[in-house]
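Notes follow once the structure below has been shown.
One-based numbering, in listed order, for ligands and for the atoms of each.
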Amino acid sequence: MNILIVHAHPEPRSLNGALKDLAVRHLTAQGHQVQISDLYAMGWKAVADGGDFPRHDSRERLSYVHASKVAFASDTQLPDIAAEQRKLLWAQAVIFQFPLWWFSMPAILKGWVDRVFAYGFAYGVGTHEGERWGDRYGEGTLAGRRAMLSVTIGGREPHYSDRGVNGALDDILFPIHHGVLFYPGMEVLPPFALFHSDRLHAEQWPSIAESFTARLDGLFTDAPIPFRRQNGGHYDTRQVLKPGLGQGTAGTRLHLLQPGEPEQQLLEVAGPRLKSA
Ligand code: FAD
């Protein structure tokens with residue numbers, strides 16, 4: 001299988017660097033094809049700005065969305081952006097290796113998303129009308145591909161539990177899992193999260209390596225996070241979850257299939273029941 005690793009850490013000898021190297025070694029040994037986007041090593045341009053559109057007339061007001069749409073449709077994107085899109089289309093699974101920085105991804109990786117997930121590629125895909133609001137959240141250009149975050153975290157695990165002071169890790173990663181990866185269609189696996197990572201000792205490495213390689217082995221078989229598909233009958237024409245769904249839960253968890261709920265909702269859950277003849 002084809003696997004892309006997007007790696008964001010400035011120090012090759014870091015813990016993140018070691019996890020990335022382990023993933024490359026292990027996946028290659030299992031017979032997979034692996035490509036790496038090592039963003040710091042590549043000198044990745046992290047800032048999304050007018051420089052991304054050399055054809056844009058700088059006297060005109062820049063709409064990044066519009067310029068992105070035009071560049072993608074006319075095949076005039078910068079080569080670095082187009083190359084990353086090709087890697088994504090080549091990949092059947094994508095692993096993101098990064099440290100949690102200020103409750104999110106490092107800026108260089110966010111900048112990779114901002115620039116590579118272009119209009120027409122990752123958003124603005126499909127028709128928008130009625131209950132169908134584009135090909136997104138389970139559908140889109142990257143449908144059929146799997147994604148997994150491998151994230152190292154300074155804080156301790158209880159701090160990221162449901163009642164932990166930092167907030168639940170699922171909630172913190174929801175914008176990435178749901179908003180960045182599920183949005184253009186990818187199936188998202190639960191993250192590989194390494195807590196308390198700044199205090200790691202060398203003796204802990206073998207068990208960490210074992211847990212990580214087990215997750216790598218499940219890349220194509222582990223169950224993804226059961227996000228509701230936008231066009232699966234769960235949301236009304238305003239893209240609001242229909243009444244009767246998500247009972248007993250709240251917040252971001254509303255967008256997870258609840259036990260017993262079918263993946264494809266029957267239309268009658270939606271709104272007015274059909275009158276019987
Ligand atoms: P490194 O510093 O490379 O290593 C960490 C430990 O692992 C060290 O003890 C090192 O000796 C050991 N190690 C490294 N390589 C190996 C190896 N091959 N084998 C065995 N041991 C090894 N944390 C939070 O919880 N929430 C936040 O919001 C947050 N924000 C942050 C923001 C910034 C700007 C920064 C710099 C840090 C933040 N942190 C936060 C902490 C951050 O998540 C951790 O520092 C990071 O995850 C550690 O990963 P690293 O690769 O940088 O580790």
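- Distance alone, capped at 3.5 Å, is enough to place a donor-acceptor pair between the Glu261 side chain and the Gly246 backbone.
- For ligand 1, the 4.0 Å heavy-atom shell takes in His9, Ser14, Leu15, Asn16, Ala18, Pro99, Leu100, Trp101, Trp102, Phe103, Thr152, Ile153, Gly154, Gly155, Tyr160, Ser197, Asp198, Leu200, Trp205, ordered by chain and residue number.
- Note on ring orientation: taking the six-membered ring where Trp is involved, the planes of Phe103 and Tyr160 are tilted (angle from 30° to 60°).
- The line from CD of Gln264 to NE2 of His234 is 6.5 Å long, rounded to the nearest 0.5 Å.
- Evaluation of the side chain to side chain donor-acceptor pair (under 3.5 Å) rule for Asp171 yields Thr252 as partners, not counting sequence neighbours.
- Within the hydrophobic cluster formed by Ile, Leu, Val, Met, Phe, Trp and Tyr side chains joined at under 4.5 Å, directly or through other members, Ile95 is accompanied by Met1, Ile3, Ile5, Leu15, Leu19, Leu22, Val24, Leu27, Val34, Ile36, Met148, Leu189, Phe192, Leu194, Leu200, Trp205, Ile208, Phe212, Leu216, Leu219, Phe220.
- With sequence neighbours excluded, no residue forms a side-chain contact (heavy atoms from CB on, under 4.5 Å) with Gln247.
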